[in-house]
Amino acid sequence: MTKQKKVCMLGAFAVGKTSLVARFVKGIFDERYLTTVGVKTDRKDVAVGDETVRMVLWDIQGEDELQPIKPSYMTGASGCLLVVDGTRPETLDVARRLKIWGEANAGPIPFVMLLNKVDLTADWALQDEDLQGDNRPGCRVIQTSAKTGEGVEDAFRILAEKMTAGDA
Amino acid sequence: MSLPDALTHHFSSSVLHVRRPAWIEIDEQGAVLQCGGDLAYYGLAEMRQGLRATEQASFLVGYVPLPPGSEALPMLQMPSGVRADIHLFSEAGHGWVLLLDCSESAEEQAALQQARLDMGLRLRRELEEDAHGLAEALGVLVLARTADDTFRAFARVPGWARTLWPSTGAAHVEEVFPFLESFLQDAEDIWGRRRAGMLRSGTWTQEGPSATELHLEATATCLPPVGDVLMVELLGDRYWERQRILQLARDRRLALDELRHQQDQREILLHCIVHDLKGPLAGMQGSIDLLASDPAMPPDLLDLLGTARRACRKQLGLIEDIVSVFRHGHHREGSGVHPGLTPPFDMAEFAAEVFADFQPSFVSSGRTLLLDVPPHDRPLPVRADRRRIERVFANLLENAQRYTPLDGSCSLRIGSEDGMVVVTVSNEGKGVPEEHRETLFDRFVRGPRGGGTAGLGLYYCRITVEKYGGAIRYEERPGGGASFVFTLPLAETA
């Protein structure tokens with residue numbers, strides 16, 4: 001039996017949310033930055049144990065003063081991927097703020113924080129101490145690269161497992 | 001009103017002939033006293049005296065006993081099927097019911113009403129057809145909600161939606177457009193009339209036929225003839241226009257962030273280099289001072305040490321400029337003075353000290369420095385960091401010395417005007433060419449002849465005097481040469 005779970009992708013603009021979905025769903029990557037307007041929906045089935053979880057992915061526009069996010073986007077979400085650009089430390093603050101906002105609108109759902117663009121080692125700007133307090137039971141932190149695919153499958157699978165863990 | 005007998009006769013015969021009158025007289029208990037006329041025409045042929053009127057003519061129920069005055073009931077359908085105008089009136093305690101045939105006019109009216117109705121229906125169909133065509137032309141999928149919360153296409157399904165939405169029958173919106181699942185809940189406020197107007201879903205993108213991307217937006221509203229309506233619109237060029245503007249703004253934001261990042265790195269590097277340069281120079285200056293303090297030092301060596309000390313001081317001054325400029329760029333110090341934090345000093349007295357320091361250097365280089373302080377009846381106090389103002393004087397005087405020809409003279413003039421102290425440093429050089437004047441006080445701008453400077457001196461002067469509420473400008477010196485004029489606010493003294 002397939003369980004359907006809504007997953008919201010949240011993060012500042014240009015952190016790579018759309019690229020992560022494209023890598024996860026279609027296995028492709030495009031270097032060009034193409035900003036998302038509104039929401040892009042997509043879906044992919046993930047095997048969790050003997051079950052199949054259909055992840056309905058809501059790739060939500062990057063959050064800033066130009067494009068505020070509607071709270072209703074979070075309605076019915078079962079999990080959330082917070083995306084951070086590891087070369088832009090300020091996007092970590094945005095992700096933390098969005099986590100609080102997401103919990104306020106969707107309740108206590110599982111979060112996974114993706115530190116994306118890990119392939120850009122020369123520009124990497126996050127230190128372990130910057131992330132103190134982020135890696136806790138309700139929110140795993142994983143390094144990813146939409147470009148190379150590193151960590152991407154793991155991140156989505158871990159969220160799928162967390163989302164189904166509470167199901168009877 | 002009285003009428004001629006001929007008219008009265010004509011009226012009564014017309015009424016008798018055309019309107020087929022019938023009448024019923026009813027007593028106070030509601031029984032028929034008498035009746036007559038063409039009752040059979042109205043299907044009331046069985047009307048009998050002594051029996052209750054309402055039991056024989058049901059259209060009288062509620063009107064018997066007849067109230068005082070008169071009342072008319074137009075175009076009532078009678079038991080025979082014909083239409084009659086009923087006139088009810090009372091007279092001498094008895095009620096009278098007069099029936100007059102109006103079948104012909106009733107038919108005419110019914111025909112008119114039917115024609116009006118037909119025309120209305122045809123107009124509505126045409127309007128609907130137009131609306132359908134319009135919705136299709138605009139690429140809008142118009143869906144009407146059914147009783148079981150599914151939706152059916154109200155207008156024709158536009159081309160882009162034909163593979164998604166059935167042209168007939170109903171479907172679940174959230175299965176076709178998963179994005180709208182939560183929006184439908186919000187839309188209940190509109191459909192439940194708890195909120196007026198319409199609600200927009202915001203833009204979303206989903207996969208369409210042949211893996212194309214569809215950029216869509218939905219609007220929930222109520223249209224009285226249709227009911228709860230959901231319009232799903234293919235945004236097309238509007239999406240790309242919105243995307244282009246947003247892309248432009250974000251690309252610029254990213255470029256700006258990158259520029260700031262690079263700037264930070266450059267300035268940090270500059271800061272490190274400057275401090276590494278300053279350390280050895282301070283050591284050299286200390287050693288020179290130590291050597292010069294030796295009483296046994298021969299005079300010719302003392303002169304050389306003096307030259308070395310001046311070179312050190314000049315170099316340290318340059319480094320100080322760079323550091324100040326760096327700090328200014330990095331921290332964007334605000335202008336204005338903090339009274340109480342910076343004690344005032346007399347600019348005339350200070351300028352005299354500066355003059356005394358620099359005059360020997362001018363003399364030894366074959367140039368003259370003149371001090372011009374017009375007589376004034378009170379001090380000229382300013383609030384500023386003396387050390388930084390001294391650097392302003394030093395930069396301007398070193399420039400003046402550099403650009404003044406041998407045997408030429410420079411002047412340092414102090415005055416006041418409109419609540420400001422005005423300091424003018426002039427030289428007899430060639431002046432600044434027109435094309436260099438606009439950027440003269442900018443960072444890293446070097447004079448027309450360069451002169452081995454870093455292009456920071458005049459920038460330093462500007463940021464310093466601006467910090468204390470003043471300004472600096474360039475003027476042509478009358479008779480040739482250049483004048484640099486800076487002002488600082490006269491401080492209030494207690």
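So you know, we letter chains A, B, ... as the sequences are listed, proteins then strands, and number each from 1.
- Going from atom CG of B:Leu184 over to atom OG of A:Ser72 covers 11.0 Å, rounded to the nearest 0.5 Å.
- If you take OG1 on A:Thr87 and NE2 on B:His261, they are separated by 8.5 Å, rounding to the nearest 0.5 Å.
- Taking the charged nitrogens against the carboxylate oxygens, B:Glu213 and A:Lys40 do have a contact shorter than 4.0 Å, which makes a salt bridge.
- A donor-acceptor pair under 3.5 Å is absent between the side-chain atoms of B:Gln206 and the main chain of A:Thr41, judged by distance alone.
- In this structure, B:Phe179 CZ and A:Tyr73 OH are separated by 4.5 Å, a value rounded to the nearest 0.5 Å.
- Counting only heavy atoms from C-beta outward, the side chains of A:Phe13 and B:Leu254 approach each other to under 4.5 Å.
- When side chains are defined from C-beta on, A:Arg43 counts as touching B:Pro178, because their heavy atoms get closer than 4.5 Å.
- Atom CG of B:Asp237 has 12 or fewer heavy atoms from other residues, nucleotides or ligands within 6.0 Å.
- When side chains are defined from C-beta on, B:Ser182 does not count as touching A:Met74, because their heavy atoms never get closer than 4.5 Å.
- Using a 4.5 Å heavy-atom threshold, the side chains of B:Gln243 and A:Thr35 count as touching.
- Chain A forms more heavy-atom pairs under 4.5 Å with one residue of B:Leu216, B:Ile245, B:Thr203 than with any other, namely B:Thr203.
- Proximity to chain A is absent for every atom of B:Glu181, based on heavy atoms less than 4.5 angstrom apart.
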Next item on the list: Could you walk me through whether A:Glu90 and B:Asp257 pass the side chain to side chain contact (heavy atoms under 4.5 Å, CB included) test, one step at a time?
Entry: CA-CA 11 Å; A:Glu90 67 275 15; B:Asp257 287 349; 4.0 Å; yes

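- Distance check: B:Gln247 CD to A:Thr36 OG1 gives 9.0 Å after rounding to the nearest 0.5 Å.
- Here the shortest heavy-atom pairing between B:Thr205 and A:Val37 reads OG1-O, 4.4 Å.
- Heavy atoms closer than 4.5 Å to chain B are found in both the backbone and the side chain of A:Leu34.
- Taking 4.5 Å as the limit, some side-chain heavy atom of B:Arg250 sits within range of a side-chain heavy atom of A:Asp64.
- Ionic pairing of B:Asp186 and A:Lys70 is not present here: no N-O contact between side-chain nitrogen and carboxylate oxygen is shorter than 4.0 angstrom.
- Counting heavy atoms of neighbouring residues, nucleotides and ligands inside a 6.0 Å radius, atom CD of B:Gln262 exceeds 12 of them.
- Partners of B:Glu258 by salt bridge (charged side-chain N to carboxylate O under 4.0 Å, His left out), not counting sequence neighbours: none found.
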